[in-house]
Amino acid sequence: MCRTGGIPEPAGTGGEATTDAAFSALLEDSPEDLYESAPCGYLSTMMDGTIAKINSTLLDWLGLDREDVAGRKRFADLLTIGGKLYHETHFAPLLRMQGELRGIALDMRRRSGGPLPVLVSAVIKHGSEGEPLLIRITVFDASDRRAYEKELLHRRQEAERARAEADEARRQAEADRTRLADALAVLQRSLVPDSLPAVPGLETAVHYHTASPDQLGGDFYDLFPVAGDRWAFFLGDVCGKGPEAASLTSLTRYTLRAAAHHDPDPASALSTLNAVLHERYTGDGNPRYCTCIFGIVEPGGEHGRTVVRLASGGHPPALVLRTDGRAEYLPTPGGLLIGVVPGAPMGTAETVLAPGDTLVLYTDGLTEARIGSGRDELYGEDALHAFATEHAPAAPREVITALTGLLEGFGDGLDDDTALLALGVPAAPSPMSPATSHTS
């Protein structure tokens, strides 16, 4: 249903009188009033930019009087210096070529001196013969939009600055971590021999796995000559990690070396270490201890018997791979942790290595590696015995290579440092068998 004049009647049942009054008011609006009071700025200029007509809205925004603008100023005169430069180099040339422009961002000058951010659209009006007559320009206040864009830009710059600072902090942290890892690696190497000495009539091999590059490990080993043709060796594990463990490791190594030169009996050397650790650490209420297996080997030469005597303080038993394909533990029962109580007993054992036999010492990082889908089982001594039996007989280098592969297979289940030391009599004895050292 439509009113007279083709204006559709608004839907609804209430307020028809008010609606009719609003429509009447709209019909009575004059084009001049619509032009002057529009919510945007309007102006028309001659082709040279001279302002011929400007509405009240734009005059109010700029704080100007009509008589000072119409016929006296050009559109470019209303712009800031930067806006005037853009108008001359881009706006005006593009408008002449294209005939219209839309949404161009400019800054206009207020009488108060502050800029007014605006969006300008312009179109050239042509005559009946196609000749350009005038330019009609629409101006929209873009203050809120410009403020929003500035806020977005500010936030973006803050985010980029924060990201750059985070990247720099991450690079610095990585550099610090690298320097720390390098320093710890140097210190770690100072706690164990760089390589094992060559022992006449014996073949030796070693491997050291560090669980974390960020912490000093507590495992240690050594091999060195003592009186006569005898050689002392030991392997162990101190409690804890970090600098305290490093200090304890250093004290343990040098104490055992000194004790072995004074009295090469394995049980006596460990008893001396027990007394030193107990005296050094129990007095301050912070007891420190270690496990260790200490041995003396007397190479028998080409026709002699190679005898090994061992003493252990709380350490896992040594493992022997025999030349006939057997593997067996050398139990050292009764040995207590070293440094816990004064006069602790040390378990002892003795064996003879025939040509082709290999003695293996290891720390509990090997047997306590976590296995299974849930990493809730320990590898254990039974599995290690089966592994050794499968690989026997094997020379020290072969055993260490196989055990190194086993350790790598544990993946993240290997969460403790692990030291491996193997000594064996060559199946075909030579006067001098070079030692190998594998450290990781």
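All residue numbers in this chain count up from 1 along the given sequence. Computed from a predicted model, the values in this text were never measured in an experiment.
For Asp167, the CG atom counts as densely surrounded, since its 6.0 Å shell holds more than 12 non-hydrogen atoms of other residues, nucleotides or ligands. Other residues, nucleotides and ligands contribute over 12 non-hydrogen atoms within 6.0 Å of the OH atom of Tyr329. Other residues, nucleotides and ligands contribute more than 12 heavy atoms inside 6.0 Å of the CG atom of Leu152. Counting non-hydrogen atoms of other residues, nucleotides and ligands closer than 6.0 Å to CD of Glu279 gives a total of 12 or fewer. By the neighbour-count criterion of 12 heavy atoms within 6.0 Å, atom OH of Tyr35 is densely surrounded, having more than that number from other residues, nucleotides or ligands. Counting heavy-atom neighbours within 6.0 Å of Asp48 CG, excluding the residue itself, gives a total above 12. Arg102 CZ: 12 or fewer foreign heavy atoms inside a 6.0 Å radius. More than 12 non-hydrogen atoms from other residues, nucleotides or ligands lie less than 6.0 angstrom from CZ of Arg66.
Distance alone, capped at 3.5 Å, is enough to place a donor-acceptor pair between the Ser121 side chain and the Gly103 backbone. In this structure, Gln172 contributes its side chain and Arg170 its backbone to no donor-acceptor pair below 3.5 Å. Listed for the Ser312 side chain is no donor-acceptor partner under 3.5 Å among the backbone atoms of Thr332. Looking at His207, its side chain never comes within 3.5 Å of a backbone N or O of Ala419 through a donor-acceptor pair. In this structure, Arg109 contributes its side chain and Asp77 its backbone to a donor-acceptor pair below 3.5 Å. Within the 3.5 Å criterion, the main-chain N or O of Ala245 finds a donor-acceptor partner in the side chain of Thr249.
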Worked check of side-chain hydrogen bond (donor to acceptor under 3.5 Å, both in side chains) between Glu36 and Ser56: CA-CA 5 Å; Glu36 291 293 336; Ser56 298; 2.7 Å; yes
Ring pair (Phe, Tyr, Trp, His ring centres under 6.0 Å) evaluation trace for Phe410 with Tyr379: CA-CA 9 Å; Phe410 291 142; Tyr379 182 66; 5.1 Å; yes
Show your working on ring pair (Phe, Tyr, Trp, His ring centres under 6.0 Å) between Tyr289 and His278 and close with a plain yes or no. CA-CA 8 Å; Tyr289 57 87; His278 186 267; over 10 Å; no
Step by step, would you call Arg111 with Asp65 a salt bridge (charged side-chain N to carboxylate O under 4.0 Å, His left out)? CA-CA 10 Å; Arg111 173 176 286 178; Asp65 297 324; 3.7 Å; yes
Decide yes or no on salt bridge (charged side-chain N to carboxylate O under 4.0 Å, His left out) for Arg171 and Glu174, but give the supporting numbers first. CA-CA 5 Å; Arg171 285 192 294 269; Glu174 287 296 330; over 6 Å; no
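A salt bridge links Arg288 and Glu244; the closest N-O separation between the charged side-chain nitrogens and carboxylate oxygens is under 4.0 Å. We find that Arg375 and Asp412 are joined by a salt bridge, their nearest charged nitrogen and carboxylate oxygen being less than 4.0 Å apart. Taking a cutoff of 4.0 Å between a charged side-chain nitrogen and a carboxylate oxygen, Arg370 and Asp376 do not qualify as a salt bridge.
Under the 3.5 Å distance criterion, with hydrogens and angles disregarded, a donor-acceptor pair is assigned to the side chains of Thr363 and Asp219. At a cut-off of 3.5 Å, with distance as the only test, a side-chain donor of His154 or Glu158 sits close to an acceptor on the other residue. No side-chain N or O of Thr418 forms a donor-acceptor pair with one of His209 less than 3.5 Å apart.
Rounded to the nearest 0.5 angstrom, Leu359 CG and Leu423 CG are separated by 6.0 Å.
A cation-pi arrangement is absent between Lys84 and Phe75, since the terminal nitrogen or guanidinium carbon is not both under 6.0 Å from the aromatic centre and inside a 45° cone about the axis.
In this structure, His315 and Tyr362 have tilted ring planes: the angle between them lies in the 30° to 60° band.
For the side-chain contact (heavy atoms from CB on, under 4.5 Å) criterion with Leu256, the lone passing option out of Phe234, Phe224, Phe233 is Phe234.
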